[in-house]
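What you are looking at is a predicted structure, and each value in this text was computed from that prediction instead of being measured. Numbering of ligands and ligand atoms starts at 1, following listing order.
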Amino acid sequence: MTGENFSYIPYGRQNISDDDIQAVVAVLRSDNITQGPTVPVFENKVKEYCDSSYAVAVNSATSALHIACIALDIGPGDLVWTSPITFVASANCALYCGATVDFVDIDPLSYNLSVEKLAKRLVIAEREGRLPKLVIPVHLAGQSCDMKEIAKLAKYYDFKVIEDASHAIGGEYLGNKVGSCEFSDITVFSFHPVKIITTGEGGLATTNDCKLASKLQLLRSHGITKELSSMIGESEGPWYYEQLDLGFNYRMTDLQAALGLSQMDRLDQFVSRRHHIIARYNDSLANVPVVTPWQNPDSYSASHLYIVRLDKKNTQSSHREVFEYMRDKNIGVALHYMPVYRHPFYKSLGFAQNGCPEAENYYSEAISLPMYPGLSQEDQDKVVEVLSSALGEK
Ligand SMILES: *Cc1c(COP(=O)(O)O)cnc(C)c1O
């Protein structure tokens, strides 16, 4: 903390109630702190909330993305496309499987993967015989991508779709909850503490496909089954289980599931509180030289992030200066995200640094302001005040 007499305001943080704590303590005092009864109860709760047929809980969204790719048979020689404006995990999952990843530029309004650009790229890819086997749209800031259009393209060009909904539990698209998988094969959520609900670390995949669900269940636990009906051989005794595939230990613990289950009770409350914060930001930033976020009328955003863009024509301050000024004043502004292909690891793979002009524009202007249910009005006013003084009046 620097010399100021107010404390650091982060860009996001968890909201933990006494009920949450009691729920975790109850599991701690029980027989099973992992592989017990609470994980399936949590899975059922999320499944019912999202109106999907299946839910498979794991230890992170990154793990969920990884086994979702494997379940969809992604491997060496396959192409996977995603948005450059995302957390690295959305792209890394393809590389874990030995597939090749590429980025489709973003839409200038929603900052999500552009369906228009996707359609154009697909025409070219078909001509070149290099169609993707999987596309991973990311619901940036909790606002759904245009899934109906993406699903049409998926059908026509025969690719699979994983929704990276790490920001989006509690959101809706065309009247359905994100996670219903109406327009995708699998949807993935993250329960990291900055996200909408938390399990500490944790993630979950929803799907309506029974075979995919079984595959995900197998892969999260070493590829091992203890169910007779799934076994290939004859049981050799009560000790017997079989490894059927090369899986991982990606299990969620019952401690985590208890926290998630308890948090689910307040999910809608969290999201509506976030909408309230958005409305207050939108009002109080009306005369500040920033572009406030666009709301897609087809979607009810889970509102994970509040991202503004610098209106460069109307301020002397540079993007970097605004970040430095605000961080110096204990405001935890963040940038979601630097385009993935700019990371040294991706550069080393030879990614073009000029292929996504909208993503580049976005990267030079975007600022995530603090946004979480517990953000007080006082702190929010402070954020606006500091941002205004960083930029000057319009
Ligand atoms: C947080 C996040 C992830 C990874 O989530 P973990 O649960 O931390 O593994 C993946 N994709 C996006 C878009 C995220 O924001």
Side-chain angles (χ1 to χ4, degrees), residues 10-14 39 42-43 46 55-70 80-97 101 103-104 106-107 110-113 134-145 147 161-171 178-179 184 186-206 216 219-220 248-253 255-257 259-260 263 274 301-307 334-341 343 346 359 362-363 366 368 371-372:
Y11 87 82
R13 66 161 291 154
Q14 70 278 11
V39 170
F42 176 54
E43 288 173 332
V46 176
V56 181
V58 288
N59 58 359
S60 71
T62 303
S63 302
L65 286 165
H66 182 193
I67 60 176
C69 286
I70 300 174
V80 176
W81 290 1
T82 189
S83 170
I85 300 300
T86 185
F87 184 59
V88 290
S90 321
N92 287 346
C93 58
L95 302 183
Y96 293 157
C97 301
V101 77
F103 302 98
V104 179
I106 60 166
D107 174 85
S110 68
Y111 318 143
N112 281 330
L113 179 146
L134 167 66
V135 174
I136 307 179
V138 181
H139 305 320
L140 189 75
Q143 177 152 266
S144 176
C145 295
M147 292 309 300
V161 178
I162 298 173
E163 295 174 67
D164 184 342
S166 292
H167 301 179
I169 194 165
V178 171
S184 65
I186 296 172
T187 301
V188 166
F189 296 124
S190 170
F191 307 129
H192 181 277
V194 295
K195 309 290 165 79
I196 308 287
I197 62 163
T198 190
T199 60
E201 298 279 358
L204 182 142
T206 61
L216 292 168
L219 290 168
R220 78 169 158 191
F248 307 88
N249 182 352
Y250 282 172
R251 290 186 304 264
M252 176 180 276
T253 67
L255 299 173
Q256 292 168 310
L259 179 54
Q263 291 252 307
R274 286 169 178 274
S301 176
S303 306
H304 168 52
L305 301 169
Y306 187 82
I307 301 170
L335 210 172
H336 299 93
Y337 296 87
M338 175 166 86
V340 174
Y341 54 75
H343 284 282
Y346 278 85
Y362 170 90
Y363 177 52
S368 299
M371 158 61 94
Y372 47 92

request  = Please answer whether the main-chain N or O of A61 pairs with a side-chain N or O of S190 as donor and acceptor at a distance below 3.5 Å.
outcome  = no
request  = Return the protein residues near ligand 1 (heavy atom under 4.0 Å from any of its atoms), ordered by chain and residue number.
outcome  = S60, A61, T62, T86, F87, A89, S90, V138, D164, S166, H167, S190, K195, G202, Y337
ask   = Any luck finding a side-chain donor-acceptor pair between Y362 and D107 under 3.5 Å?
value = no
ask   = Which pair of heavy atoms, one from M252 and one from V39, lies closest together, and at what distance?
value = O-CG2, 3.5 Å
request  = Could you tell me whether a side-chain N or O of Q256 sits under 3.5 Å from a main-chain N or O of E201, the two making a donor and an acceptor?
outcome  = yes
query = Within the distance-only criterion (no hydrogens, no angle test), does the side chain of E43 pair as donor or acceptor with the backbone N or O of A57 below 3.5 angstrom?
reply = yes
request  = Keeping the roles fixed (side chain from H139, backbone from S144), state whether a donor-acceptor pair exists under 3.5 Å.
outcome  = no
